[in-house]
**Student:** 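Below you'll find the structure I mean.
Counting starts at 1 for both ligands and their atoms, following the listed order. All figures in this text were calculated on a predicted structure; none of them were measured in a lab. Sequence positions, counted from 1, serve as the residue numbers for this chain.
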Amino acid sequence: MERFDLARALVLEAGEALRNSSLREDEVGCKTGYQDLVTRWDRETEQFLRRGILAAFPGDAIVGEEYPADNPGTGGCTWYLDPIDGTTNFVSQHRNYAVSVGCWRGEEPLFGLVLDVERPALFWAKAGEGAWRDETPLGTSRRRAVPQLLLAAPGVPATFFQENPWRTGALRLAREVRGVRSLGSVALELCALAAGEADLFLAVRSCPWDHNAARIILREAGGALCTLEGEPLPLDRRTTVLAANAREVLEAVLGDYFPAERAGG
Ligand code: IPD
Ligand code: CA
Ligand code: CA
């Protein structure tokens, strides 16, 4: 089976299990603090995905949220797994969470899949072949002026409340856009841009497993992403992320709201 077909089958099976899951309070734990949750379903889902991938492609490398990379890989492909993106939503709402799987060959994107589990809707893209929600082709919005833009910001405390070098620009941007929305899932919020349902995205902390699948989908839908220094997103470490419905919007917002960071100041 091709990697994409395997990934699609695994993601759909994982989603089915999560839809039917139930969770007890004693199955919810904290990682770095009470705003950073993990459940037995995060761990079991990641193990399920890892087993399925490695059984078919034992030489591939896997970077997942819940387990350290256990295989440096010899096959040249790296998979980025977020078994549940939006764990807080999973725990508190049992909706608005995703299974996210991205596959890259070195720095070259291959495909990304983001399953909005409870909707259900599968966002997916193969590099060079457009972006899709199930069978529907996706495209970003045509809005260009800042007062028309809806800003998706998944990490409200980190971006707007806590001290950080980008806070002044982030607060001014939040005041000047049409509105700010926070769903609580990096992957689903980037897919909302791909679907034209949001226009801008800002996160001061995002990990490879959060965005390395959805960024492929957004690019294929016509969007653009970079760090708040204006650099290409690194694949392998935590980073800031600015994303927009179009390259020109990304450049304009970067220049107007985050110029010092861009100049290295
Ligand atoms: C989190 C979500 C959240 C974002 C955090 C992520 P998790 O992922 O995407 O929206 O603000 O930065 O860590 O922990 O639910 O997989
Ligand atoms: Ca995540
Ligand atoms: Ca997660």
Side-chain angles (χ1 to χ4, degrees), residues 10-11 14-15 17-18 21 23 27-50 62-69 79-102 112-118 123 150-162 164 166-167 170 174 180-194 197-198 200-218 225 227-228 233-243:
L10 290 171
V11 165
L18 289 168
S21 68
L23 188 66
E27 293 173 327
V28 181
C30 295
K31 293 198 283 188
T32 55
Y34 64 90
Q35 291 188 341
D36 183 12
L37 304 180
V38 62
T39 72
R40 87 174 162 93
W41 286 99
D42 296 79
R43 297 197 175 103
E44 285 180 14
T45 304
E46 185 168 326
Q47 290 292 13
F48 167 78
L49 296 171
R50 281 176 177 273
I62 298 181
V63 177
E65 177 169 15
E66 308 302 343
Y67 294 91
W79 298 68
Y80 297 90
L81 309 181
D82 197 337
I84 301 180
D85 186 46
T87 297
T88 302
N89 296 346
F90 175 68
V91 170
S92 295
Q93 307 175 329
H94 206 87
R95 63 196 288 259
N96 297 326
Y97 62 92
V99 180
S100 173
V101 173
L113 296 129
V114 173
L115 178 67
D116 184 341
V117 175
E118 301 290 332
F123 296 87
L150 194 60
L151 170 64
V156 170
T159 302
F160 299 110
F161 298 160
Q162 293 162 14
N164 68 64
W166 308 279
R167 187 164 170 253
V180 183
R181 297 290 181 271
S182 187
L183 184 64
S185 161
V186 166
L188 290 179
E189 284 166 282
L190 289 172
C191 288
L193 262 72
E197 295 169 355
L200 273 180
F201 172 101
L202 175 64
V204 298
R205 277 188 223 149
S206 186
C207 290
W209 45 81
D210 294 321
H211 54 250
N212 275 345
R215 64 189 276 190
I216 301 175
I217 298 168
L218 178 55
L225 311 91
T227 70
L228 288 173
L233 285 192
L235 261 179
D236 58 350
R237 60 185 184 277
R238 198 173 83 178
T239 178
T240 56
V241 180
L242 181 67

**Student:** Select all protein residues for which some heavy-atom-to-ligand 1 distance is less than 4.0 Å, and list them by chain and number.
**Tutor:** E65, D82, I84, D85, G86, T87, P154, G155, G184, S185, V186, R205, D210
**Student:** In D82, the N, O or S atom nearest to the Ca ion (ligand 3) is which?
**Tutor:** OD1
**Student:** Return yes if a side-chain donor-acceptor contact under 3.5 Å exists between Y67 and E46, otherwise no.
**Tutor:** no
**Student:** Answer yes when E65 and R43 have at least one side-chain N-carboxylate O distance shorter than 4.0 Å, and no when they do not.
**Tutor:** no
**Student:** Is there an N/O/S atom in G86 at a distance below 3.0 Å from the Ca ion (ligand 3)?
**Tutor:** no
**Student:** Does one side chain, of S100 or D85, offer a donor that lies under 3.5 Å from an acceptor on the other?
**Tutor:** no
**Student:** So which of the N, O or S atoms of D210 lies nearest the Ca ion (ligand 2)?
**Tutor:** OD1
**Student:** Classify the ring geometry between F90 and H94 as parallel (under 30°), tilted (30 to 60°) or perpendicular (over 60°).
**Tutor:** tilted
**Student:** Among the N, O or S atoms of D85, which one sits nearest to the Ca ion (ligand 2)?
**Tutor:** OD1
**Student:** Mind running side chain to side chain contact (heavy atoms under 4.5 Å, CB included) on H211 and L233 for me, showing each step along the way?
**Tutor:** CA-CA 10 Å; H211 54 250; L233 285 192; 4.1 Å; yes
**Student:** Ignoring hydrogens, what is the shortest heavy-atom contact between A153 and F160? Give both atom names and the distance.
**Tutor:** CB-CE1, 3.7 Å
**Student:** State whether R40 and E27 are salt-bridged, where the test is any N-O pair (Lys NZ or Arg NE/NH1/NH2 against Asp/Glu carboxylate O) under 4.0 Å.
**Tutor:** yes
**Student:** Answer yes or no: is there a donor N or O on one side and an acceptor on the other, between the side chain of N212 and the main chain of W209, under 3.5 Å?
**Tutor:** no
**Student:** What N, O or S atom of E65 is found closest to the Ca ion (ligand 3)?
**Tutor:** OE1
